[in-house]
Amino acid sequence: MDAIIAQVSRTLAQAVLLVAAGPLVTGIVQKGKARLQCRAGASVWQPYRDLLKLLRKGTVQSDTASPFFRAVPVLVLAATVTAAALVPVLWTPGGGDLPFGDAILLVALLALARFLLAVGALDAGGAFGGMGASREMTVGLLVEPALMLSVFSVAVTGGTTELGLLAARREALALSWTAPDLLALFAMLILTLAETGRIPVDNPDTHLELTMLHEGMLLEHSGPGLACIVLATHVKQLVILSLVAALFLPLGLAQGWGAAGLGLALGAFALKVLALSGFLVLVESSYAKLRFFRVPQFLGLGFVCAFLALALRVL
Amino acid sequence: MTSHLLWITPLVPFAAALLMLLVRSRRALAAMDVAISLAVLALTVAIARQVQVHGAVSALGVFRADGLAVVFLLLVGLLSVAVSVATVGWMRHEVGRGQMREDRLHWYFALVHAFVATMLVTVLSDNLGILWIAMEGTTITSALLVGFHGDKHGLEAAWKYIIVTTIGISFGLFGTVLIYGAAAHAQGGVLTGAMNWSSISAIAHRLDPGIIRIGFIFVIVGYGTKAGLAPVHMWLPDAHSQAPTPVSALLSGALIKCALFAIIRFHSIALQACGPEFSSGLLLAFGLVSVVVATPFIIVQHDLKRLLGYHSVEHVGIIALGLGFGGPLGTYGALLHVVNHGVTKALVFLVAGDGIGRYGTRDMRRMKGFLGLAPIAGTLLLMGAFSLAGTPPFSIFVSELIVVRAGIAGGRFVPVAIFLAMVVIIFAGLIHHVGQMAFGSAGEGAERGREALTPLLAMFLLAAVMVLLGLWIPVRLDEVLSAATGVAGG
Amino acid sequence: MRRVAVWVGHLSIGVAAVLVAIFALGFLTGSAPAAHLDLPRLFPFAAMSLSVDGLSAFFLLVISLVTAAAAMYAPSYLGAHAHAPGVQTLALAAFVVCMALVCCAGDLVTFLLAWECMTLSSWVLVVSDTRNEENARAGLLYMVVAHAGTAALLVSFLVLAERGGGLDFPALRAAAAGLDPSTRTAVFLLALAGFGAKAGVVPLHVWLPKAHPAAPSHASALMSGVMLKVALYGIFRFAFDLLAVPGGPLPASWGWTVLLLGTASAVIGVLLALQQHDLKRLLAFHSVENVGIILIGAGVAMLLGGGRGPAALATLALAAALLHTLNHAAFKGLLFLGAGSVLARTGVRNMEELGGLARRMPWTAWLFFLGAVAISALPPLNGFVSEWMTFQALILGATRLGASGLLAGVAASMLALTGGLAAACFAKAFGVTFLGRPRTAHAEHATESPAPMIAGMLLLAVACVALGLLPGWAMRLLDRPTAELLGGAGASAAVTARGPMILAAGDATAGVGATAISVTAVAALFALLAALAWALRGWPRRAPRRLAPTWTCGMTPSARFDYTGTGFAKPLRLIFAALYRPRREILKETGPSPYVIRRLSYQGEVVDLAETVLYARVKHWIASAAHEIRSYSTGRIHGYIAFVLVTLVVCLLLFARA
Amino acid sequence: MSVELATRLIDILGGLLLFTMLLILAAGQLFRAIYAVAAQAVFLGIAGAVLAAATGNVDLWIIAGITIVAKAVLLPWLLMVVVNRVHISREIESVMPASLTLILAAGIVVLAFHLNASLGPVRQAITGNALPVGVTLILIGVLVMASRRKALVQMVGLFASENGIFFTAMAVSQGMPLIIEIGVILDVVLGALVMGILVLRVRSSVDTDIADLEDLRG
């Protein structure tokens, strides 16, 4: 019984770690973009300040909203943080009696968060909420099959979709990269852009009603509710980056619980996240936003790459 | 074993017919009509019990009732009772609407009973000549009944009916002559009762196959015309649609079956004489053609009674298919289908008659909202339509199941496939037409009168038999059918 | 007086359903042998009997679950909305009894009789509103497709019966053992066509979205939730039981056919569902999708069964299919009852005329939301569990199937696409119907449904949550069917090896590779974190809450601003234009100058390809052939006589010679 | 009367019957067709007499007598009554071109005799060529009904084909039993009566020939 308590406490600790690190990664990405555009940009800790400000402010709610509207921020944050608990960051979460860390469950939790957000947006009853929800769901359903295919192409080698076991097995292979891995990584990177709402698919910084996807849904939320959702967005971004890291760069996962092992794992994780956020910064600064009905072709490219990865792996 | 019931049974309705000529009041005629029909049914049940106890009974050297005859006897008895009960209410309605003239009622009832009498003689006759004469009698009486309304269409239908069926029956007579010649030749010219079916079927295996083959072809084309087998069926929709409703019910329910009875008689002879493939093959061919030819006419039909006429062609085709598939299973299924179709078709004709009376038109496109107008009759119409189309809780599905099983047992997959395809298309057509009639809301022209009691009584009787046979074949009926299969299967 | 009769009728149906459920549960968990009951000899040529084994008991459980809920729901629904409630009660009773009989039929004749009576009684329910001609046409198409299916079934059954001599299932089983492969495949394909027509598999699904919405909502719930499952029972009975190759795997072609049909049904079903505005039509299309998902599970089970793949995986796949059958019955029933309560209170089925019902009908809204989350296969609820098991079966199976594993992979990605599409569809359905401003007076004055209707929905909601949180116990129910159909250990051994809380797919010991999740633990974590987040939001102090109109660029917001269902689904209409072939016409009434628009009317339409290409063409061809033939029959008597003469001469020429 | 003589006589009478059949086929006037049918009935009666003498079967004498009375006298009289009452044009219009009907008639004769040749020893049961002649008469009778427009001509064709049946029936070894023959003739007469009534009723009510009515179709 105590093993389970230890495992649950470890999982909670990891969730807290990711929640804390989430806004930091966004701050780093914003800082990186600013630097590339030769301007100073806000400090790396700015997202934390925004969150605290929001938490302290009062709530302005639409008069037509139903109880769903108030419940949505809480549920979205909970779903995203639960997903954070499943991703192998410093150690393999599924080690103990209770198996955590299944990829399909993780993707499904993120889908749940997206579904709740869309429903919340429709509740407020404006045009922008509906448009944002419709576009977000459309992008979401185009991403999911490609995401599944790339996860399968990796899972086929390990014979399981549990990220912990997969990471452990791939670590044994020690960086022996084959063509399917490269194709799958490329597909995952394209999908990461779509999932985190970055430039080619959606512009996170804009507030122009007609162009924003993800932002459109947050329009009506305010105060602590908005804080929960923004925090959830940051955590989601970090979860996806760590998912990519776990699937393709499984180095440095701590085996035991010794301080040295954890420190090494933390360092390796930080490096991986920095590399990926660097990729995000590069893409955001060099591309323009695609017209919405060109996004399916863009995601189609991702789907074809994932399909080829699986084909090469299986045939 | 001689039984005097055999010649009394046809005599009773014939005498009643003559008596009715003298009676004038409608109420008395209707009462006599029902009484006589009940008497006929009682007599047929008595004969059935006698046959079950003693096997085949004969009388006067000319009449004979064996297992096969009993099935058709019971059907004719049951239908004549149902029709006469329905006629009471129907006639009052028709006279009220001026369709039937009061002074010619006695002719109508007399002709109906003469028609029933001739059908009984057909089924009871052992002598093939008497069978032909009775068949010609049914043609004459029913031709007058078809043309009874005296309007242009009625007379045209009567004319086509009498000409085409008389040609058909004359072919039947020539076939009988040929078979009689072959029988006389086989017996070396000795004339002892050579015309009787029982004696011919006794020596059937010794008959010369060549002449039996030609004779059987004349018989199947001849009596097939009378039965409505395609492609010689064209008179049937005209006659059945123009005749008064009770007469159509009798025509479709009973008369077609008597023609099939004659074909079965000759089929059993031909089976022994020239082997099973010849006559079964012919029957199969005619059956399949009937089902295929009836399909397009059912789909694009607008006239309700013509639709039911073509449906009779299809079901005669199914019976012929059953006989064609042969073997005890096929014949059992065909005979069961004879009873099932007789009952169901009579019910649907009575309900259709009631509907046409209410709407004053026969065009199905203008008969909307029948369920709203007459809920009981509407439900019965739907039940009847589903039964005709072959859906399970009703009787026709059971007999079609047996026929298809016989078909598959005989390894004839192509005919079965064609048959099932046509049945499904006909199902779609029939339910489409009846659905259009039953649902929607009735126009203002429709008559919302109370539903007369006696027609409903008759319809409930027939519907009860239909549903009963759909779920449960009583042991007694099973014995009768098995005996008949023994006789017909040869 | 009639109301009392309706209540008593439905009460008796409900009680009977509960009794059957208890019997089924007892049978599934116990180890009693297959119960056999000989019926009285109705027909001389066939001995009719009933026999209940694991598979039929499981399907009885499915039937009784939804029937109990529908029985609670129906009386108050019929009160407000009834045409001839007496007839409907009888038809509902007959419908449920026939479905139960089909599942426990022991021989061919009982099966066919019960099968068609089920169709007929559900037809009565579909056309119960006799004045509406649209229902009559829907009922007609339903009956015709069902009848064609039965004809196919009839032939496949009788071909088996001929070889086996008897009409009961043991004789059929014996006959099937001796069948040569080509006949066996022919019989299976015929049976698949027959059952597929009834289950709504893609090419034959056209009747389903027309017939199900026409019936009263509790009947639609039963038809969608349960009747499709009875058709799937037929497929399971044929594929795994009657036509099973003794001791060998089923032919691979069968598995692939079922898998591809399932994938096609899933994707096309949900794509078409997305474009519907009628709430009940949308749910009916979703039935097509979920039948597809069940068939994917069944297809994988057929591929891996009988020794071709590892037994544990085959059992997993079959357990996934059966569990999804139960799950779909639960949440589809819940959704249809929810849609019914909306229809009962507002009298409107079209989403575009509803909106803002969440505040007026809180209970129905929350229960419909729960159903929506379940059907979109999102984690805490039962939809996710069975879809997760199907995923695992596909992926782990793919490794075993060698090269053709790629096809399984693609099927898995299509399944994911279906999940995504379902989530989008139900976000639209729930959002547009329940949230935002009420668009018409109907929605404005809606009030909450009476208690029995809510109770009916609550029963199914509890079932969804229970199956979602504690799937381990559900595995015990699947033990007997999976053991009987695939041999080997039952479902619980294969899936809940590591205790009831954990779902383990495949077993690591046999080197098959294994994935395990503990849905209960994740749900607990989710609840804990939700509580934490709720505390976080309310933590500093009770933040003041002010109500203000929604931001619509400064204009006073009205219901016209709300996003419509059509708008929501527009991006997908463009992306999948090839399948939809969308057609629209926009009428503009401009004022003095072309830029002043006085009135704008939009009329858009999405075409169901199967319907236009397949059905319309066949119908047209038959009708024109019929008109062509009919034109030959002139009324002239000379034609009649000529036909008699020609027939005689032809027969003499053909048949007369020896 | 020896059997060979009877067979030769029957062959001659068969030829005469065929000739009268061709007369009906070629008749342009209604009266000619009716007289041809009457002649045919007379030859039928003579054939009955010949067979009665050959086989010594007394019934055949009675049948021959009834045939001549009923078919040669009664039916033509009935037809003449209807024709006078109906006062339509006496012409016989044809539905098919005349040459086609003659070719078909020839084809039918060939078919009949070919069938007869394919039969085995059973031919002795029917004296002489009664079988092929009977088949020919029937089929050409029906051909006449199918090709001529007027109802009355159709009745003539019907009686001609029934004569064919009688010719074969009488020629079968000792002939059909008496009551059957009488019954058949009675039925034919009754049928003719009913047809006459129908023609007259249509003529009085609608004033077109009954055979031209063609509203019931499809």
Side-chain angles (χ1 to χ4, degrees), chain B residues 159-160 163-164 167-168 171 209-210 213-214 217-218 220-221 225 231-232 234-235 238 278 281-282 295-297 299-300 329 332 369 371-372 386 389 391-393 397-398 401-402 404-405 408-409 416-417 420-421 423-425 427-428 431-432 435-436 438-441 471-473 475 478 482, chain C residues 40-45 84 109 112-117 119-120 123-124 127 130-133 135-137 139-141 143-144 147-148 150-152 154-155 158-159 161-162 167 619 622-623 625-630 633 635 637 639-641 643-648 651-652 655-658:
Chain B
W159 174 256
K160 286 179 182 170
I163 286 290
V164 176
I167 297 173
F171 286 168
R213 193 171 288 118
I214 298 175
I217 287 174
F218 271 95
I220 193 161
V221 173
T225 314
V232 290
M234 296 187 173
W235 61 272
D238 301 349
F278 169 69
L282 255 175
T295 308
F297 290 96
I299 294 174
V300 282
L329 212 56
Y332 185 96
L371 263 178
F386 274 120
T391 27
F397 170 77
V398 177
L401 176 72
I402 301 171
V404 168
R405 186 172 175 208
I408 290 182
V416 165
L420 283 178
V423 161
V424 168
I425 295 175
F427 174 91
I431 301 298
H432 166 70
Q436 256 183 350
F439 297 110
S441 48
L471 295 172
W472 173 59
I473 299 182
V475 175
D478 175 46
S482 312
Chain C
R41 282 185 69 89
L42 289 180
F43 296 107
F45 56 86
V109 174
L112 279 178
L113 272 181
W115 178 266
E116 278 279 328
C117 289
T119 311
L120 201 60
W123 178 78
V124 168
V127 291
T130 54
R131 259 174 305 286
N132 176 343
E133 282 200 20
N135 288 3
R137 259 193 301 281
L140 165 71
L141 181 62
M143 280 304 280
V144 168
H147 199 69
T150 316
L154 195 64
V155 174
L158 289 180
V159 165
E162 270 337 288
L167 283 181
K619 198 151 47 116
I622 292 179
H627 279 294
E628 185 64 32
I629 295 171
R630 186 160 180 256
S633 80
I637 188 167
Y640 295 8
I641 302 168
F643 258 102
V644 175
L645 185 62
V646 164
T647 315
L648 182 69
C651 285
L652 284 177
F655 291 93
R657 265 182 305 289

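Lettering of chains follows the sequences in order, A, B, ..., and the numbering in each one begins at 1.
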Given side-chain contact (heavy atoms from CB on, under 4.5 Å), test B:Val164 with B:Met234 step by step and report yes or no. CA-CA 9 Å; B:Val164 176; B:Met234 296 187 173; over 6 Å; no
Need one label for [X]: side chain, backbone, both or neither, based on atoms under 4.5 Å from any heavy atom in chain C.
| X | value |
| --- | --- |
| B:Phe218 | both |
| B:Pro393 | both |
| B:Val300 | both |
| B:Ile217 | both |
| B:Ile402 | side chain |
| B:Leu371 | side chain |
| B:Ala438 | neither |
| B:Leu401 | both |
| B:Ile431 | both |

Closest contact, heavy atoms only, [X] versus [Y]:
| X | Y | answer |
| --- | --- | --- |
| C:Ala136 | C:Val127 | CA-CG1, 3.9 Å |
| C:Cys651 | B:Leu282 | SG-CD2, 4.3 Å |
| B:Pro231 | C:Thr647 | CG-OG1, 3.6 Å |
| C:Met143 | C:Thr119 | SD-CG2, 3.7 Å |

Nearest-0.5 Å distance, CG of residue C:Leu140 to CG of residue C:Asn135: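 It is 12.5 Å, given to the nearest 0.5 Å.
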Mind checking whether B:Trp472 and B:Val398 have side chains closer than 4.5 Å, heavy atoms only?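 Answer no - side chains too far apart.
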Is chain B contacted by the side chain of [X], its backbone, both, or neither, given a heavy-atom distance below 4.5 Å?
| X | result |
| --- | --- |
| C:Trp123 | side chain |
| C:Leu120 | side chain |
| C:Leu112 | both |

Taking B:Pro392's backbone N and O only, do any of them form a donor-acceptor pair with C:Trp115's side chain (distance below 3.5 Å, no angle check)?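 Not at all, since once roles are kept as given, no pair shorter than 3.5 Å links the two residues.
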Sub-3.5 Å donor-acceptor pair from the side chain of B:Thr391 to the main-chain atoms of B:Phe386, do we have one?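 At least one qualifying donor-acceptor pair exists.
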[options]: which one forms the most heavy-atom pairs within less than 4.5 Å of chain C?
| options | value |
| --- | --- |
| B:Val416, B:Ile408, B:Val221, B:Leu420 | B:Ile408 |
| B:Ile220, B:Thr295, B:Ile214, B:Val404 | B:Val404 |
| B:Phe397, B:Trp159, B:Phe171 | B:Phe171 |

Please assess C:Tyr640 against B:Ile163 for the test side-chain contact (heavy atoms from CB on, under 4.5 Å), listing each intermediate value before the final yes or no. CA-CA 10 Å; C:Tyr640 295 8; B:Ile163 286 290; over 6 Å; no
Candidate pair B:Thr225 and B:Trp235, rule side-chain contact (heavy atoms from CB on, under 4.5 Å), full reasoning: CA-CA 9 Å; B:Thr225 314; B:Trp235 61 272; 4.1 Å; yes
Return the option, out of [options], with the maximum number of heavy-atom pairs under 4.5 Å with chain B.
| options | answer |
| --- | --- |
| C:Gly639, C:Ala623, C:Ala148, C:Ala114 | C:Ala148 |
| C:Val646, C:Leu645, C:Leu167 | C:Leu167 |
| C:His627, C:Glu162, C:Arg137, C:His147 | C:His147 |

